[in-house]
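Let me begin by presenting the structure, written as structure tokens, before commenting on it.
Numbering starts at 1 and runs along the sequence shown. All values derive from a computational prediction rather than experimental measurement.
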Amino acid sequence: MWELTKSFRFEAAHALSGTTLGDASMEIHGHSFRAEVTIRGTPDPETGMVMDLGLLDRSMAEVQKTLDHRLLNKVEALGQPTLENLSRFIWERVAHAGQLARVSVHRDSCNESCTYFGPQG
């Protein structure tokens with residue numbers, strides 16, 4: 001079994017209420033995000049690839065375009081713009097590309113990340 005990971009970056013703003021940071025998090029502020037999408041599988045005997053990374057790149061480019069330089073609070077279907085919801089949101093938009101193992105979203109400047117392993121059940 002192999003895992004293949006591809007990442008993309010996006011810059012976005014958000015405002016979060018109800019955190020221990022209080023007013024600071026309720027004000028609109030921005031972050032640099034890094035998202036990683038991991039596919040799990042066995043290489044095709046003919047191509048030697050788990051999947052064609054170009055196909056994954058196309059799906060990831062669409063979701064990157066949806067998030068980059070946006071106010072995340074206004075992105076439809078995202079919900080509260082948390083790391084948890086971002087990782088789920090990205091999963092839902094790239095799931096058709098292959099056998100997903102996980103989607104991670106990082107805020108490296110804050111030393112934070114969240115990983116989504118897909119819907120349970």
* Arg9: partners by side-chain contact (heavy atoms from CB on, under 4.5 Å), with sequence neighbours left out -> Arg34, Asp108
* Would a hydrophobic clustering, with Ile, Leu, Val, Met, Phe, Trp and Tyr connected at side-chain separations under 4.5 Å, put Trp91 with Leu78? -> yes
* Is it possible for you to say whether Val103 and Phe8 belong to one hydrophobic cluster, with membership spreading through side-chain heavy-atom contacts below 4.5 Å? => yes
* To do: Could you pull out all residues at least two apart from His106 that satisfy ring pair (Phe, Tyr, Trp, His ring centres under 6.0 Å)?
  => none
* Counting only heavy atoms not in Gln99, do more than 12 fall under 6.0 Å of its CD? -> no
* To do: With side-chain contact (heavy atoms from CB on, under 4.5 Å) as the test, would you mind laying out the steps for Ser87 and Val105 before giving the verdict?
  => CA-CA 6 Å; Ser87 57; Val105 178; 3.9 Å; yes
* To do: Using the test ring pair (Phe, Tyr, Trp, His ring centres under 6.0 Å), find all partners of Phe89 that sit at least two apart in sequence or belong to another chain.
  => none
* Would you list the pairs meeting salt bridge (charged side-chain N to carboxylate O under 4.0 Å, His left out) in which at least one residue belongs to residues 71-87, sequence neighbours left out? => none
* State, to 0.1 Å, how close Leu83 and Cys114 come at their nearest heavy-atom pair, and which atoms those are. => CB-CB, 3.6 Å
* Going hydrophobic residue to hydrophobic residue with side-chain gaps under 4.5 angstrom, can you get from Ile39 over to Leu55? -> yes
* **Minimum-distance pair of heavy atoms, taken over all atoms of Ala13 and Ile28** => CB-CG2, 3.9 Å
* For residues 48-64, pull every pair meeting side chain to side chain donor-acceptor pair (under 3.5 Å), keeping only residues two or more places apart or in separate chains. => Ser59-His96
* Asked: Would a hydrophobic clustering, with Ile, Leu, Val, Met, Phe, Trp and Tyr connected at side-chain separations under 4.5 Å, put Trp2 with Met51?
  -> yes
* Asked: With side chains defined as the heavy atoms from C-beta onward, is the minimum distance between Leu86 and Leu67 less than 4.5 Å?
  -> yes
* In terms of hydrophobic clusters joined by side-chain contacts under 4.5 Å, are Val63 and Phe117 together? -> no
* Structure fact -> With sequence neighbours left out, the residues meeting side-chain contact (heavy atoms from CB on, under 4.5 Å) with Thr5 are Glu36, Thr38
* To do: Output every pair passing ring-ring contact (aromatic ring centres under 6.0 Å, His included) with a member in residues 31-72, not counting sequence neighbours, ordered by first then second residue.
  => Phe10-Phe33, His14-His31, His29-His31, His31-Phe33
* Excluding sequence neighbours, so at least two apart, what forms side-chain hydrogen bond (donor to acceptor under 3.5 Å, both in side chains) with Thr115? -> Ser104
* Sequence neighbours left out, what passes side-chain contact (heavy atoms from CB on, under 4.5 Å) with Leu53? Give chain and number order. => Leu4, Lys6, Leu56
* Asked: Does Glu92 have any side-chain contact (heavy atoms from CB on, under 4.5 Å) partners at least two apart in sequence or in another chain, and if so, which?
  -> Arg88
* Qualifying residues under salt bridge (Lys or Arg N to Asp or Glu O under 4.0 Å), relative to Glu112, sequence neighbours excluded -> Arg107
* Structure fact -> Sequence neighbours excluded, the answer for salt bridge (Lys or Arg N to Asp or Glu O under 4.0 Å) partners of Arg102 is Glu3
* Asked: Side chains of Ser32 and Glu11: closer than 4.5 Å at any heavy-atom pair?
  -> yes
* Asked: Shortest non-hydrogen contact from Leu16 to Pro81?
  -> CD2-O, 3.7 Å
